[in-house]
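All remarks here apply to the structure that follows.
Note that these values count all heavy atoms, side chains included, but never hydrogens, waters or copies made by symmetry. Worth saying up front: this structure is predicted, and the values here are computed from it rather than measured.
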Amino acid sequence: APVRRKNKKAPLFSNMAFILCGSHPVEGFKVNGSNLLFEYEDSEILEYQLDIIHSVCEDPEIIVISGVSHADFVKHDRRNEFILIENQLYEFSNSAEDLKIGMHAIRSPHAIFIDNGFIPTLDTFKYLANSKDRVSKVFVKPTPDKNYVGANIGSGGIINNFTFSTNNTITGMFYITTNDIDRLRKKSITKKFLKNKFAFEILSDLKLKAVVDESKSIIVVR
């Protein structure tokens, strides 16, 4: 597992929640297990995510949404570093349900939501820390991926819509402001909320701004 070195510099964030979604299996097959437990270069994606979170945030509130591999998360070596919540409907829902569960669980005023096996870097978070505007954001890679949805970026970096025909692929990582957390909570308890949607479909109702991530971060699995 990666060795976490204590960050001597002041952290980039405080009072931040991180919602990590591990409820669904890699490529949709149960036998593959959770995407967060998928091994990349001899370590689990979850371990990379925990390491970088601890290096950029002071006393982070980390929520892991489990499902397919719930028992493995319960006995995980680093179980004491995160709050574990099971999506018992993971077989009949999508990442929108994970987002809903996470939004109702957190206590921090701001949140980072990661809905797949994405490994951000310090530079990825610096893009957010250096941003002066207080709006919710979606992180995108400036490379096309015909197998996954991307974002059409309009004036001022605001997302016009999510589509497969674009050169900006979304990474699955979102920053959500206090006001938008409240909006999502209220929306998720109405009859119009559909648990089988993707998280980006629910988040598309917000005024999202694109963060183009040109760092060495990597989307390992969907």
Side-chain angles (χ1 to χ4, degrees), residues 17-30 32-36 38 45 49 63-70 73 84-106 110-118 120 135-141 144-154 158-166 168-211 213 219-222:
F18 295 82
I19 303 168
L20 311 179
C21 297
S23 67
H24 297 96
V26 176
E27 297 181 347
F29 295 101
K30 283 186 179 181
N32 293 336
S34 167
N35 57 352
L36 290 189
F38 186 86
I45 290 173
Q49 291 181 342
I63 308 286
V64 171
I65 310 298
S66 66
V68 64
S69 302
H70 179 70
F73 286 107
L84 183 64
I85 305 177
E86 184 180 7
N87 176 4
Q88 296 181 334
L89 300 174
Y90 80 92
E91 292 181 90
F92 309 101
S93 65
N94 216 319
S95 51
E97 182 69 13
D98 296 327
L99 174 64
K100 172 185 175 180
I101 292 170
M103 288 293 100
H104 284 283
I106 61 174
H110 306 273
I112 294 285
F113 173 78
I114 307 178
D115 73 355
N116 60 30
F118 175 60
V135 296
S136 293
K137 298 175 175 68
V138 55
F139 287 75
V140 302
K141 281 289 188 182
D145 183 348
K146 294 181 179 180
N147 296 315
Y148 200 67
V149 72
N152 275 327
I153 304 174
I158 301 299
I159 301 299
N160 288 333
N161 63 304
F162 292 99
T163 175
F164 285 94
S165 56
T166 176
N168 298 293
T169 302
I170 65 173
T171 65
M173 179 165 148
F174 299 81
Y175 164 71
I176 307 173
T177 64
T178 302
N179 289 339
D180 285 338
I181 288 173
D182 289 339
R183 291 189 184 100
L184 289 169
R185 284 172 175 162
K186 291 175 182 176
K187 183 176 181 177
S188 70
I189 59 175
T190 66
K191 292 181 179 179
K192 292 182 179 180
F193 180 84
L194 299 175
K195 64 179 180 294
N196 60 348
K197 282 192 172 185
F198 290 101
F200 72 82
E201 294 180 277
I202 303 299
L203 292 165
S204 64
D205 290 343
L206 307 177
K207 188 179 180 180
L208 291 172
K209 188 171 183 179
V211 176
D213 180 10
I219 305 169
V220 181
V221 291
R222 299 288 188 186

*asked:* So, taking the atom named CD1 in I170 and the one named CD1 in I219, what distance separates them when rounded to the nearest 0.5 Å?
replied: 8.5 Å
*If you look at every heavy atom in S69 and G33, which pair is closest and at what distance?*
OG-CA, 3.5 Å
*What's the verdict on side-chain hydrogen bond (donor to acceptor under 3.5 Å, both in side chains) for S93 and N87, showing C-alpha distance, side-chain angles and the deciding distance?*
CA-CA 9 Å; S93 65; N87 176 4; 3.2 Å; yes
*In this structure, which one of N147, V149, D145, V140 forms a side-chain contact (heavy atoms from CB on, under 4.5 Å) with T169?*
D145
*So do the side chains of L194 and N94 get within less than 4.5 Å of each other, counting heavy atoms only?*
no
_Please determine whether side-chain contact (heavy atoms from CB on, under 4.5 Å) holds for the pair K30 and E91, giving the CA-CA distance in whole Å, both sets of side-chain angles, and the decisive distance to 0.1 Å._
CA-CA 10 Å; K30 283 186 179 181; E91 292 181 90; 2.7 Å; yes
*Which atom of H24 lies closest to which atom of S95, heavy atoms considered*: CE1-N, 4.0 Å
*Taking all non-hydrogen atoms of both residues, which atom of I106 and which atom of I63 are closest, and how far apart?*
CG2-CG1, 3.9 Å
*For the residue pair V135 and K207, what are the closest heavy atoms and their distance?*
CB-O, 4.4 Å
_Backbone of F118 reached by a side-chain donor or acceptor of Q49 within 3.5 Å_ = yes
*Verify, without hydrogens or angle tests, whether S66 (side chain) and F73 (backbone) share a donor-acceptor contact under 3.5 angstrom.*
no
*Go through the steps for M173 and V211 under the test side-chain contact (heavy atoms from CB on, under 4.5 Å), then give the verdict.*
CA-CA 10 Å; M173 179 165 148; V211 176; over 6 Å; no
_Crowding at CZ, F193 (>12 non-hydrogen neighbours, <6.0 Å)_ = yes
*Determine the minimum heavy-atom distance between I85 and I101, stating which atoms define it.*
CG2-CG2, 3.5 Å
*Is there a donor-acceptor pair closer than 3.5 Å between any side-chain N or O of S136 and the backbone N or O of T177?*
yes
*asked:* I'd like to know whether K197 forms a side-chain contact (heavy atoms from CB on, under 4.5 Å) with L99, so could you lay out the CA-CA distance, the side-chain angles of the two residues, the decisive distance to 0.1 Å, and finally the verdict.
replied: CA-CA 10 Å; K197 282 192 172 185; L99 174 64; over 6 Å; no
*Got a second to check how far F198's CZ is from D115's CG, nearest 0.5 Å?*
9.0 Å
*Would you find a donor on one side and an acceptor on the other, under 3.5 Å apart, between the side chain of K146 and the backbone of P144?*
no
_For the CZ atom of F162 and the CG atom of L203, what is their distance to the nearest 0.5 Å?_
7.0 Å
*How long is the span from the CG atom in L184 to the CG atom in N179, to the nearest 0.5 Å?*
11.0 Å
*Rounded to the nearest 0.5 Å, what separation is found between the CG atom of L206 and the CD1 atom of I158?*
11.0 Å
*I159 vs I153 side-chain heavy atoms within contact, under 4.5 Å*: yes
_Straight-line distance of Y90 OH to F92 CZ, nearest 0.5 Å_ = 9.0 Å
_Would you say NZ of K141 has more than 12 non-hydrogen atoms from neighbouring residues, nucleotides or ligands within 6.0 angstrom?_
yes
*Does the side chain of H110 come within less than 4.5 Å of Y175's, by heavy atoms?*
yes
*Apply the test side-chain contact (heavy atoms from CB on, under 4.5 Å) to residues I202 and M103: give CA-CA distance (whole Å), side-chain angles for both, the deciding distance (0.1 Å), then the verdict.*
CA-CA 12 Å; I202 303 299; M103 288 293 100; over 6 Å; no
*Nearest non-hydrogen partners of N116 and L36, listed with the distance*: O-CD2, 4.3 Å
